Amino acid sequence: MPDRLSRRELIALSGAAAIAATSSTRAQGAADRGFPQGFLWGNATSAYQIEGAWQEDGKGESIWDRFAHTPGRIERNETGDVAVDHYHRFKDDIRLMKALGAKAYRFSIAWPRVFPQGAGSANPKGLDFYQRLTDELLANGIEPFATLYHWDLPQALQDKGGWESRDTAKAFADYAGHVGAKLSDRIRNFITINEFTTFVELGYKTGLFAPGLKLPPARVNQVRHHALLGHGLAVQAMRAQAKPGTRIGPAENAAAAVPIVETPEHVAAAERAMRELNAGVLTAILEGRYTEAFLASAGRDAPEFTGDDLKTIASPLDFVGVNVYMPVYVRAADAPAGYEVVPTAKSHPHMASSWQAFGPEALYWAPRHLQKIWNVRDIYITENGCGAADEPAADGVVYDTDRIMFLRSYLAMLQRATAEGVPVRGYFHWSLLDNFEWASGYSTRFGLVHVDYTTQKRTPNLSAAYYSDVIKRNGV
Ligand code: FCB
């Protein structure tokens, strides 16, 4: 959300030098802190946030094009028309990944590039781009993970009701099947939908994101249900049309329930909280039902659904992806739910955006809950990272000590999870490059690599050196 902290007094080169000294000495004798062999380290991005080329090669209009072009929706009325011009600079960007030592890359496919009208006839030039991108990744030894929906719905479908209509779920499955048929020769891993909760809540309830609607609760619940249905139908379409061995799963920003104290009763409370706080999406996908508490609290606003819908929604997955940015602290309580959310203290530290409380334990508990509660056997952290008030110092480099602190702390907690046998297979840092951060426009920077938006010049931040070292050692 729009919230830029401009405080940046402590960059001091001396601080950077101290970090460099620590990193050169700490390898000796330290406990291993390694990750499993073959752990996939990567970065994540999404089409609208980086590609630009919004009207090129036959692409149709998306709801984000329409939204960003509507005055007053985005900070300073910025748009993704050009973004970081990745559409034309993807080879340079892959070189940056290669320099980091990245093993994998999660990007998204823009639905309106492939089907400009959302359905009907495909635009072959749309998929050509993703073929070129993927071939370049593979030539550099980087494993592609393609997200099918990172919020850029074709505007033509929004004009017919968007996710309020069941037909959108079906159109999504058709698009997914088409992509699977054409690209599964070179892409082995697909992600259906990115962050159901975010685009449903912000797009259809608060109106802060595209398409900017403020619907009443029953209609919001129906939108969410249709997104779940779209996910399930897309999984099935992929199974039917992609090469055998193609793997598919969702990427949800699950509420990460963290026990306030690690005692058995608080841990049990956090497990209960994990199911209920995620009842609208993850629990529905992993259990094939809406929990009683979810339906009771929705009351007459509960979504309309059939038993078949739930079966589709729970179609077997190859992995579960979670985007983890912050914790939800929970404690045991004498309440009917058996848990209580503990509000974060007023002085609780947060990253540059005030919504992002600093809570590294989230990266331990989120995957651990997936394993413990739902027996998930393949987990990816599909996003994790932080915004920072990055400004280049005199030498042109951003000394983002805060991002390094964030990464070191969160990754140590992820290492704890893998060391305890939680089956996390990979981690995608958000993001490779600074980019268009939705309603905040370009004001919030999440990149390991700084982008000068006037020249498109890319310069790795100090945090890129940190992440690269993690990848090289496969450890923290
Ligand atoms: C996530 C989104 C991603 C990016 C990061 C900062 O919610 O999936 O596109 O905006 O937050």
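Each ligand, and each atom within it, is numbered from 1 in the order the structure gives. Computed from a predicted structure; not experimentally measured.
Within the structure, salt bridge (charged side-chain N to carboxylate O under 4.0 Å, His left out) pairs that include any residue of residues 98-115 comprise E51-R113, R106-E383 (at least two apart or interchain). The salt bridge (charged side-chain N to carboxylate O under 4.0 Å, His left out) analysis of residues 195-206, with sequence neighbours excluded, yields the pairs E201-K205, E201-R224.
Side chains of E61 and H69: a donor-acceptor N/O pair is absent below 3.5 angstrom, by distance only.
A search for side chain to side chain contact (heavy atoms under 4.5 Å, CB included) contacts involving R166 returns H226, L229, D309, not counting sequence neighbours.
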Close N/O pairs between ligand 1 and protein, under 3.5 Å:
residue: ligand 1; atom: 7 (O); partner: E195; partner atom: OE1; Å: 2.6
residue: ligand 1; atom: 7 (O); partner: E195; partner atom: OE2; Å: 3.0
residue: ligand 1; atom: 8 (O); partner: H150; partner atom: NE2; Å: 3.4
residue: ligand 1; atom: 8 (O); partner: N194; partner atom: ND2; Å: 2.9
residue: ligand 1; atom: 8 (O); partner: E195; partner atom: OE2; Å: 3.4
residue: ligand 1; atom: 8 (O); partner: E383; partner atom: OE1; Å: 3.1
residue: ligand 1; atom: 8 (O); partner: E383; partner atom: OE2; Å: 3.0
residue: ligand 1; atom: 9 (O); partner: Q49; partner atom: OE1; Å: 2.8
residue: ligand 1; atom: 9 (O); partner: H150; partner atom: NE2; Å: 2.8
residue: ligand 1; atom: 9 (O); partner: W438; partner atom: NE1; Å: 3.1
residue: ligand 1; atom: 10 (O); partner: Q49; partner atom: NE2; Å: 3.4
residue: ligand 1; atom: 10 (O); partner: E437; partner atom: OE1; Å: 2.7
residue: ligand 1; atom: 10 (O); partner: E437; partner atom: OE2; Å: 3.2
residue: ligand 1; atom: 10 (O); partner: W438; partner atom: NE1; Å: 2.9

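Between R445 and D390, none of the side-chain N atoms (NZ, or NE/NH1/NH2) sits under 4.0 Å from a carboxylate O, so this pair counts as no salt bridge.
Shown here is R132, whose CZ atom has more than 12 heavy atoms of other residues, nucleotides or ligands within 6.0 Å.
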